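First up is the structure itself, then whatever we jot down about it.
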Amino acid sequence: MKFSTSTPGTQPWFSLEERPVCCVPKPFIEVEQLSLHYGQKPAFRDVTLAINQGCITALIGPSGCGKTSFLSSLNRLTDLIPGCRLSGRIRLGGLDVMAPQTDVIRLRRRVGMIFQKPNPFPLSIRKNLEFPLREHGLRDRDRLANTIETGLRDVGLWDEVKDRLDSPALALSGGQQQRLCMARALVLLPDVLLMDEPCSALDPLSSGVIEDLIVGLRGHYTVLIVTHNLSQARRIADYTALFWVQHGSGQLIEAGPAKQIFEEPHDPLTAAYVSGMRG
């Protein structure tokens, strides 16, 4: 796979092979004492977690323990929810995410989001990728065309759709729609890709394709994925974090290298969950 790696509208686009590969224990996202409330109801409390650069981190745990809310807080999608209150600290590559002066539009370009259910725009395949590129300053027609082709090739869609780029994106299969959504996020050259159960609405074959694409992002993007599929987390994750509901709110129970979490967990609750005895 090849990914473009420059800022839209400012620099030439080039192969990802020219970009250093990095999956090392070097924190890129640092979360300290983070809590989130919906009105008076806590979603999670006092989460402190470091997310390492270029690595795949899986967030696991039962439904309702705050995993998706935690994911959404990292690019401040929680700002869009009335009555939502976030406290604590999030730093992303030196940026204070929660500072009032932080440009949220630029933040969300740096931190892309893939949702559980594919959500292509009700536009053509071409315009699904062209629209965000134009919004972020890319206007040249040739560069738009080249970037769209590159984005579709990155997710293995180009050969499937190159002859129907002006057809509705909603006519694609579920797996194709999810890959289109991945391409739409990746053409904006994010630093981080957040994924909320990206395979749960797909058939096993489409899920396998998406999983392979996620693995291909390792070293080039910092990926956080919420998944209830423990086998998937074990297959693809470099690091894993277990969330659980305790005292009426989500809590981070344990985090560490995936091998350690699945084979030698420190917390008895983690051991029970990954062995199938709980959850």
Side-chain angles (χ1 to χ4, degrees), residues 23-36 41-74 114-117 178 192-219 221-279:
C23 178
V24 295
K26 175 185 176 182
F28 185 69
I29 303 173
E30 297 174 275
V31 175
E32 298 177 10
Q33 297 295 302
L34 193 68
S35 298
L36 186 146
K41 180 178 174 57
F44 60 82
R45 284 182 174 147
D46 298 327
V47 172
T48 295
L49 180 64
I51 307 297
N52 288 325
Q53 184 173 11
C55 301
I56 300 172
T57 299
L59 307 182
I60 62 174
S63 297
C65 63
K67 302 184 302 297
T68 295
S69 295
F70 176 79
L71 208 66
S72 299
S73 70
L74 299 180
I114 304 298
F115 296 93
Q116 180 176 1
K117 182 179 179 181
Q178 193 66 300
V192 179
L193 197 61
L194 309 176
M195 312 189 83
D196 187 12
E197 297 188 69
C199 300
S200 65
L202 305 178
D203 62 80
L205 182 60
S206 297
S207 295
V209 172
I210 297 296
E211 191 174 301
D212 289 344
L213 288 172
I214 295 169
V215 170
L217 301 176
R218 175 182 284 114
Y221 295 86
T222 300
V223 178
L224 281 81
I225 177 171
V226 169
T227 180
H228 285 106
N229 185 331
L230 294 183
S231 296
Q232 180 183 75
R234 190 165 190 160
R235 282 192 300 270
I236 72 174
D238 302 298
Y239 297 90
T240 304
L242 173 69
F243 282 68
W244 204 268
V245 175
Q246 291 188 328
H247 311 296
S249 69
Q251 305 278 337
L252 176 62
I253 302 300
E254 184 174 357
K259 181 177 176 63
Q260 177 254 305
I261 293 293
F262 283 102
E263 297 181 7
E264 299 180 25
H266 298 153
D267 192 283
L269 186 54
T270 308
Y273 184 70
V274 300
S275 69
M277 295 174 60
R278 294 287 303 270

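Computed from a predicted structure; not experimentally measured. In what follows, every heavy atom counts, from backbone to side chain, and hydrogens, waters and symmetry copies are set aside.
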Residues passing the salt bridge (charged side-chain N to carboxylate O under 4.0 Å, His left out) test with K117, sequence neighbours excluded, are none

Heavy-atom closest pair (L269 atom, W244 atom, distance to 0.1 Å) is CD2-CG, 3.5 Å

In short, salt bridge (Lys or Arg N to Asp or Glu O under 4.0 Å) pairs touching residues 192-204 with sequence neighbours left out are none

Hits for side-chain hydrogen bond (donor to acceptor under 3.5 Å, both in side chains) against S207, two or more places apart or cross-chain, chain-then-number order -> none

Sorted by chain and number, sequence neighbours left out, salt bridge (charged side-chain N to carboxylate O under 4.0 Å, His left out) with E254 holds for none

Rounded to the nearest 0.5 angstrom, the CG-NE2 distance for L59 and H228 is 10.5 Å

request  = Decide if atom CD of E264 counts as having more than 12 heavy atoms of other residues, nucleotides or ligands within a radius under 6.0 Å.
outcome  = no

Taken to the nearest 0.5 Å, the spacing of Q33 CD from D46 CG works out to 4.5 Å

Residues passing the salt bridge (charged side-chain N to carboxylate O under 4.0 Å, His left out) test with R45, sequence neighbours excluded, are none

In this structure, CD1 of I214 is separated from OH of Y221 (nearest 0.5 Å) by 14.0 Å

Item to complete: For the residue pair Q246 and I253, establish whether any side-chain heavy-atom pair is separated by less than 4.5 Å.
Response: yes

Residue pairs passing the salt bridge (Lys or Arg N to Asp or Glu O under 4.0 Å) test with at least one member in residues 54-74, sequence neighbours excluded, are none

A58 and A233 have their tightest heavy-atom pair at CB-CB, 3.9 Å

### Message
Evaluate Q178 against S206 for side-chain contact (heavy atoms from CB on, under 4.5 Å), listing each step before the verdict.
### Response
CA-CA 9 Å; Q178 193 66 300; S206 297; over 6 Å; no

Applying side-chain hydrogen bond (donor to acceptor under 3.5 Å, both in side chains) to E30 and not counting sequence neighbours gives none

Smallest heavy-atom separation, V274 atom then I261 atom, equals CG2-O, 3.9 Å

By side-chain hydrogen bond (donor to acceptor under 3.5 Å, both in side chains), T222 pairs with (sequence neighbours left out) none

Rounding to 0.5 Å, atoms CD1 (I60) and OH (Y273) come to a distance of 6.0 Å

(Q) Quick one, L49 and L34 - any side-chain contact, counting heavy atoms below 4.5 Å? (A) no

- With a 4.5 Å heavy-atom cut-off, do I56 and I225 have their side chains touching? yes

**Request:** Would you check if C55 and F28 make a side-chain contact, meaning some heavy-atom pair closer than 4.5 Å?
**Result:** no

Hits for side-chain hydrogen bond (donor to acceptor under 3.5 Å, both in side chains) against Q116, two or more places apart or cross-chain, chain-then-number order -> S200

Contacts of F44 meeting ring-ring contact (aromatic ring centres under 6.0 Å, His included) (sequence neighbours excluded), chain-then-number -> F70

Across all chains, not counting sequence neighbours, the side chain to side chain contact (heavy atoms under 4.5 Å, CB included) partners of P257 are Y239, Q260

In terms of heavy-atom contacts, A241 and L252 come closest through CB-CD1, 3.8 Å

Would the distance check show the side chain of T57 and the main-chain N or O of L224 forming a donor-acceptor pair, the cut-off being under 3.5 Å? no

Taken in chain and number order and not counting sequence neighbours, the residues that satisfy side chain to side chain contact (heavy atoms under 4.5 Å, CB included) with A43 are L36, Y38, S69

#### Entry: Heavy-atom donor-acceptor pair, N229 side chain to Q232 backbone, under 3.5 Å
yes

* Asked: How far apart are the C-alpha atoms of L202 and I210, what are their side-chain angles, what is the distance that settles it, and do they pass the side-chain contact (heavy atoms from CB on, under 4.5 Å) test?
  -> CA-CA 9 Å; L202 305 178; I210 297 296; 3.7 Å; yes

Interatomic distance, CD@E211 vs OG1@T227, rounded to 0.5 Å, equals 8.5 Å

_Criterion side-chain contact (heavy atoms from CB on, under 4.5 Å) on L193 and I114, from CA distance to verdict_ = CA-CA 7 Å; L193 197 61; I114 304 298; 4.1 Å; yes

